[in-house]
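This is a predicted model, so every value here is computed, not measured.
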Amino acid sequence: MGRKEDFFAHIEEGYKTKGDYIAMGAAILDGEAVTNALVKIPLKTLNRHGLIAGATGTGKTKTLQVLAENLSDKGIPVLLMDLKGDLSGLAQPSPGHPKIDERHEKIGFSFTSKKFPVEILSLSEQDGVKLRATVSEFGPVLLSRILNLSDTQEGIVAVIFKYCDDHKLPLLDLKDFKKVLQYATGEGKKEFEESYGRIATS
């Protein structure tokens, strides 16, 4: 067997799956996609953590889109945080392009243009189904990221959440959070310092 045939056999053997799977594309040898040397992800492994990383323009968003489309085809709902709006095109069928046809032929996929069921959810004033969440549900880490807090401020937020957890106090909205913060730096300052350490008033 030649080098290409050996490579094909290696990929075929390495990506054998017992159950259903998602085909992500074809393996590449010497910069060229090897037709039908499919890279497969078993569906049963998609509840694990993963990371898609790469420089700008290397296909991170497209990879995410392929995952979402394949999962949708399998009847599995997907929640995507689309901060830049790159993935909204899932809702419309592709107009097609010669490069798409050429790429699919190289990979060994047939290409059918289709749209996918999409429901836009929003936390802001943008169009879409408005999501509501309590401050408690956000948690200290996500809340700190949204508020773009410093490390010191993030630590204080964590302490506030811990205090509320310990005392079974729900944080429904930012007014609740501000009240606890005012208490921790005001009349409840001594109690806080004894159990949780000093909180900077600034």
Side-chain angles (χ1 to χ4, degrees), residues 22 24 41-72 74 76-92 115-202:
I22 286 174
M24 293 299 295
I41 303 176
L43 279 183
K44 66 180 182 181
T45 67
L46 280 168
N47 61 346
R48 300 176 189 172
H49 289 92
L51 173 68
I52 301 170
T56 302
T58 54
K60 297 184 299 296
T61 301
K62 190 55 66 181
T63 300
L64 196 59
Q65 186 174 335
V66 168
L67 275 169
E69 289 175 347
N70 274 279
L71 287 168
S72 181
K74 304 285 184 186
I76 301 167
V78 180
L79 177 63
L80 294 170
M81 308 304 173
D82 188 14
L83 298 182
K84 296 194 290 184
D86 292 336
L87 297 166
S88 56
L90 288 166
Q92 294 296 324
K115 65 180 180 179
F116 292 84
V118 171
E119 184 174 20
I120 307 293
L121 307 175
S122 174
L123 282 168
S124 67
E125 297 305 311
Q126 290 179 307
D127 292 339
V129 177
K130 296 287 183 286
L131 291 179
R132 295 187 67 82
T134 66
V135 170
S136 290
E137 287 168 338
F138 269 84
V141 175
L142 183 55
L143 184 65
S144 296
R145 293 288 183 271
I146 289 170
L147 296 174
N148 199 26
L149 300 183
S150 67
D151 289 345
T152 302
Q153 291 169 326
E154 194 171 334
I156 291 170
V157 169
V159 170
I160 296 296
F161 270 81
K162 177 76 171 88
Y163 174 82
C164 291
D165 284 346
D166 291 347
H167 292 81
K168 309 252 184 302
L169 297 172
L171 293 169
L172 299 180
D173 54 27
L174 290 175
K175 287 179 186 172
D176 290 343
F177 185 81
K178 283 169 72 176
K179 282 179 185 172
V180 178
L181 191 57
Q182 286 164 353
Y183 176 77
T185 55
E187 60 182 284
K189 187 175 178 181
K190 187 177 179 186
E191 177 196 345
F192 257 79
E193 286 183 2
E194 286 173 359
S195 302
Y196 304 97
R198 193 174 68 82
I199 290 181
T201 53
S202 57

All salt bridge (Lys or Arg N to Asp or Glu O under 4.0 Å) counterparts of Glu154, not counting sequence neighbours: Arg145
Side-chain donor or acceptor of Asn70 paired with backbone N/O of Ile22 under 3.5 Å: no
Pairwise side-chain contact, Val135 with Phe161, heavy-atom cut-off 4.5 Å (strictly under): yes
Pairing residues for Lys74 by the salt bridge (Lys or Arg N to Asp or Glu O under 4.0 Å) criterion, not counting sequence neighbours: Asp20
Glu137 CD to Leu142 CG distance, which is reported to the nearest 0.5 Å: 11.5 Å
Pro170 to Ser136 - nearest heavy-atom pair and separation: C-OG, 4.0 Å
Residue list, side chain to side chain donor-acceptor pair (under 3.5 Å) with Thr152, at least two apart or on another chain: none
Pairs involving residues 174-183, ordered by first then second residue, that meet side-chain hydrogen bond (donor to acceptor under 3.5 Å, both in side chains) (sequence neighbours left out): Tyr183-Glu191
Pairwise side-chain contact, Leu64 with Asp86, heavy-atom cut-off 4.5 Å (strictly under): no
Test salt bridge (Lys or Arg N to Asp or Glu O under 4.0 Å) applied to Lys162 - qualifying residues, sequence neighbours left out: Asp166
Residue list, side-chain contact (heavy atoms from CB on, under 4.5 Å) with Thr63, at least two apart or on another chain: Met24, Ile52
Gap separating the CG atom of Leu121 from the CE atom of Met81, nearest 0.5 angstrom: 8.5 Å
Sequence-distant partners of Glu193, side chain to side chain donor-acceptor pair (under 3.5 Å), two or more places apart: none
Taking every non-hydrogen atom, the tightest pair across Pro117 and Ser72: CD-OG, 3.8 Å
Atom pair CZ (Phe116) and CG (Leu71), whose distance is rounded to the nearest 0.5 Å: 10.5 Å
Working for side chain to side chain contact (heavy atoms under 4.5 Å, CB included), residues Ile156 and Leu181: CA-CA 9 Å; Ile156 291 170; Leu181 191 57; 4.0 Å; yes
Partner set under side-chain contact (heavy atoms from CB on, under 4.5 Å) for Leu149, not counting sequence neighbours: Ser144, Leu147, Gln153, Val157
Interatomic spacing from CG in Leu90 to CG in Leu80 - rounded to 0.5 Å: 7.0 Å
Salt bridge (Lys or Arg N to Asp or Glu O under 4.0 Å): pairs with one or both residues in residues 47-65, sequence neighbours excluded: none
side-chain contact (heavy atoms from CB on, under 4.5 Å) involving Gln92 - partner list, sequence neighbours excluded: none
Beyond-backbone contact of Leu171 with Phe138, side-chain heavy atoms, under 4.5 angstrom: no
Leu67 and Leu46, any side-chain heavy atoms less than 4.5 Å apart: yes
For Leu169, side-chain contact (heavy atoms from CB on, under 4.5 Å) partners two or more places apart: Tyr163, Cys164, His167
Distance (rounded to the nearest 0.5 Å) between Asp165 CG and Ile160 CD1: 11.5 Å
